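Note sheet for the following structure.
Since the structure is predicted, the reported quantities are computational estimates derived from the model, not experimental observations. Along the sequence shown, the residues carry numbers beginning at 1.
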Amino acid sequence: MPATDTDKEFGEAMAMCRNVFRDKLYDYKPSWRMLRPESLTDQLFIKAKRIRTLEITGEARVDEGILPEFMALINYGIIGLIQLDKGFADSVDMTNDEAMAEYDRRVSECTALMTAKNHDYGNAWEDMRVSSFSDFILTKIERIKEIENRRGRTLVSEGIASNYMDIINYAAFGVIKLGVRKAQ
């Protein structure tokens, strides 16, 4: 599939996630502003771990499948990028409109990264299995945990933001394969 199709499908996947994010802001406001980095990492972990468990067992006792979990990984990854820039707060300190503007800025950054990497990797994600996306995401989360445990001190790591962006982009490929293409 040409990169332009990937760009279009990526945009559709991100739009799906943006709608969920917007609706949850209506319900909860940006209450996530109170999440400390370690708590956010653990939230990403439980979402990715659930995907892997569902892939391995094929059994869900909660009526939500893998697609919503990939979407949640995207939204929590974007929250992570926002929190890295702004730090956590002791109370909700931004409006829904401000949160959406922050969200859109991070989506633009992730889209630019995906487009550049997809060009260099020659659309390799197309031939990957969805289960690889969840494995790669779990690996990225473990890397984030290690960086957090070292209080940000690294020797050669790209850092937490790069790992969040990779999580978002791998999850978006999952959303494309499980959601965008199935809806067409």
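A salt bridge does not link Arg33 to Asp90: none of the charged nitrogens lies less than 4.0 Å from a carboxylate oxygen. Note on Lys117 versus Asp166: salt bridge recorded, some NZ/NE/NH1/NH2 to OD/OE distance being below 4.0 Å. Ion pair Glu146/Arg143 not flagged as a salt bridge, since none of the NZ, NE, NH1 or NH2 atoms sits closer than 4.0 Å to an Asp/Glu carboxylate oxygen. Ion pairing between a basic and an acidic side chain is recognised when a charged N comes within 4.0 Å of a carboxylate O; Lys182 and Glu12 show no such pairing.
Note that OG1 of Thr111 and CZ of Arg106 are 13.0 Å apart. Values are rounded to the nearest 0.5 Å. A distance of 9.0 Å separates CD1 of Ile79 from CG of Leu44, quoted to the nearest 0.5 Å. Summarising the geometry, atom CD1 belonging to Ile176 is positioned 6.5 Å from atom OG1 belonging to Thr6; distances are rounded to the nearest 0.5 Å. Here the straight-line distance linking atom CG of Leu138 with atom CD1 of Ile167 works out to 9.0 Å at 0.5 Å rounding. The line from OG of Ser108 to CG of Leu113 is 12.5 Å long, rounded to the nearest 0.5 Å. Separation of atoms OH (Tyr164) and CD (Gln83) is listed at 8.5 Å; rounding is to 0.5 Å.
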Tell me which donor-acceptor pairs under 3.5 Å the side chains of residues 15-22 have, and how far apart each pair is, sequence neighbours excluded?
unit_1: Arg18; atom_1: NE; unit_2: Asp104; atom_2: OD1; d: 2.7
unit_1: Arg18; atom_1: NH2; unit_2: Asp104; atom_2: OD2; d: 2.9
unit_1: Asn19; atom_1: OD1; unit_2: Arg22; atom_2: NH1; d: 3.0
unit_1: Asn19; atom_1: ND2; unit_2: Ala15; atom_2: O; d: 3.4

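More than 12 heavy-atom neighbours from other residues, nucleotides or ligands sit within 6.0 angstrom of CD on Glu142.
Among all heavy-atom pairs drawn from Leu81 and Cys110, the shortest one is CD1-SG, 4.0 Å. Ala172 and Met14 get closest at one heavy-atom pair: CB-SD, 4.2 Å. Between Val92 and Lys29, the closest heavy-atom pair is CG1-CB, 4.4 Å. Between Ser134 and Ile51 the shortest heavy-atom distance is CB-CG2, 3.6 Å. Taking each heavy atom of Arg50 and Glu64 in turn, the nearest pair found is NH2-O, 2.8 Å. When all heavy atoms of Ala171 and Ile137 are compared, the closest pair comes out as N-CD1, 3.8 Å.
A donor-acceptor pair under 3.5 Å is formed between the side chain of Asn96 and the backbone N or O of Leu25. Side-chain atoms of Asn123 never come within 3.5 Å of backbone atoms of His119 as a donor-acceptor pair (strictly under, hydrogens ignored). With Arg52 contributing its side chain and Ala48 its backbone, the two residues share no donor-acceptor pair below 3.5 Å. A donor-acceptor contact shorter than 3.5 Å is absent between the side chain of Ser157 and the backbone of Thr154. Side-chain atoms of Glu38 never come within 3.5 Å of backbone atoms of Glu148 as a donor-acceptor pair (strictly under, hydrogens ignored).
If you chain together hydrophobic residues whose side chains sit under 4.5 Å apart, Ile46 and Leu35 fall into the same group. Cluster annotation: Leu40 and Tyr28 are assigned to distinct hydrophobic clusters (Ile/Leu/Val/Met/Phe/Trp/Tyr, side-chain heavy-atom contacts under 4.5 Å, transitive). By the rule that hydrophobic residues join a cluster once side-chain heavy atoms approach within less than 4.5 Å of another member, Ile74 and Met128 end up as members of one cluster.
A cation-pi arrangement is found for Lys145 relative to Phe45, the charged atom lying closer than 6.0 Å to the ring centre and inside a 45° cone about the ring normal.
In this structure, Phe136 and Tyr170 have tilted ring planes: the angle between them lies in the 30° to 60° band.
Between Thr41 and Ile160 there is no side-chain heavy-atom pair separated by less than 4.5 Å.
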- Stepwise side chain to side chain contact (heavy atoms under 4.5 Å, CB included) test for Asn75 and Ile168: CA-CA 8 Å; Asn75 286 341; Ile168 292 162; over 6 Å; no
